[in-house]
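No experiment lies behind these values; they were computed from the predicted model shown.
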Amino acid sequence: PGGWPRPRQEAPILHGGPAMYFFDLDGTLLDSNGIWLDIDIEFLGRRGISPVPEDYTDYVTHHSAPDAARSAYAHTLPLKPGVPAFLDACRRRGTRMAVLTSCMPPLCRAALEHHRLLDCFEAVYTTAELGIEKRDPALYCLAAERSGVPPQSCLLFEDSPSYCAAARQAGFTVVGVFDPLFAPRW
């Protein structure tokens with residue numbers, strides 16, 4: 001659970017198919033969702049609030065950058081199992097790839113640099129820079145447009161069920177990536 005499939009020669013996802021692969025960062029490429037819950041539990045616990053409200057972690061993850069998060073993204077958060085091999089297989093096959101994330105741009109860049117992944121992607125799109133939330137299908141249409149491909153030719157790897165739904169509404173094909181944070185919502 002939580003890992004990526006191993007690339008196999010016969011895997012249809014690697015041959016033909018979509019013109020562009022988009023990858024979420026938190027919970028999809030990076031095993032980072034847990035750090036936000038830990039930060040939230042500590043922060044809210046000091047204020048007498050428990051348990052953490054359901055939408056709180058999602059909001060804070062994308063709108064604040066505590067020092068603990070900055071350090072973790074730049075130095076310690078691991079990639080999810082299978083990610084390096086999958087990205088390498090895609091790159092060797094010439095698959096066009098981009099990151100599409102609601103992670104704050106400095107944290108996103110720090111993680112991609114730490115794992116030496118920036119060269120894998122032709123673009124990094126963030127909701128902060130595009131000005132559209134991931135729950136809005138217009139975000140996926142804009143990312144596809146900026147990449148020069150129609151939404152119907154795009155494949156998104158994403159851990160959030162609500163973001164998967166928005167991408168499907170935009171015409172993307174979606175691959176749900178398991179993350180324990182969203183297990184109750186699948």
Inset, instruction - Please lay out, stage by stage, how V175 and E158 fare under the test side-chain contact (heavy atoms from CB on, under 4.5 Å). - result: CA-CA 6 Å; V175 174; E158 172 66 63; over 6 Å; no
Legend entry - Residues forming a ring-ring contact (aromatic ring centres under 6.0 Å, His included) with F172, sequence neighbours excluded: F22, Y140
Legend entry - Atom of P150, atom of A144 and distance for their closest heavy-atom approach: C-CB, 4.2 Å
Legend entry - Heavy-atom pair with the smallest gap, counting every atom of L77 and H114: O-CD2, 4.4 Å
Legend entry - Rounded distance [0.5 Å steps], CD in E122 versus CG in D119: 12.5 Å
Inset, instruction - Check F121 against L29 and note the closest heavy-atom contact, atom names and distance. - result: CZ-CD1, 3.8 Å
Legend entry - Heavy-atom pair with the smallest gap, counting every atom of A170 and Q152: O-NE2, 4.4 Å
Legend entry - Closest approach of T127 to K134 (non-hydrogen atoms, all atoms of both residues): CG2-CG, 3.4 Å
Legend entry - Non-hydrogen side-chain atoms of L142 and Y125 separated by less than 4.5 Å: no
Inset, instruction - Can you measure from CG (L155) to CE (M97) and round to the nearest 0.5 angstrom? - result: 12.0 Å
Legend entry - Pairwise distance SG(C120) to CZ(F23) - rounded to 0.5 angstrom: 9.0 Å
Legend entry - From D26 atom CG to D31 atom CG, the distance as rounded to the nearest 0.5 Å: 10.0 Å
Legend entry - Over 12 non-hydrogen atoms of neighbours within 6.0 angstrom of CZ in R168: no
Inset, instruction - Assess whether side-chain contact (heavy atoms from CB on, under 4.5 Å) is satisfied between R109 and L118, documenting all intermediate values. - result: CA-CA 8 Å; R109 184 174 254 337; L118 276 175; 3.1 Å; yes
Inset, instruction - Verify side-chain contact (heavy atoms from CB on, under 4.5 Å) between L79 and L87, making sure each step is shown before the conclusion. - result: CA-CA 11 Å; L79 294 173; L87 293 178; over 6 Å; no
Legend entry - Nearest non-hydrogen partners of K80 and G27, listed with the distance: NZ-O, 2.7 Å
Inset, instruction - Scan V124, L112, D24, L25 and name whichever one has a side-chain contact (heavy atoms from CB on, under 4.5 Å) with C103. - result: L25
Legend entry - Heavy-atom check, side chain of L139 versus side chain of L100, under 4.5 Å: yes
Inset, instruction - Evaluate side-chain contact (heavy atoms from CB on, under 4.5 Å) for L30 paired with H115, printing each intermediate quantity in order. - result: CA-CA 10 Å; L30 196 62; H115 291 289; 3.8 Å; yes
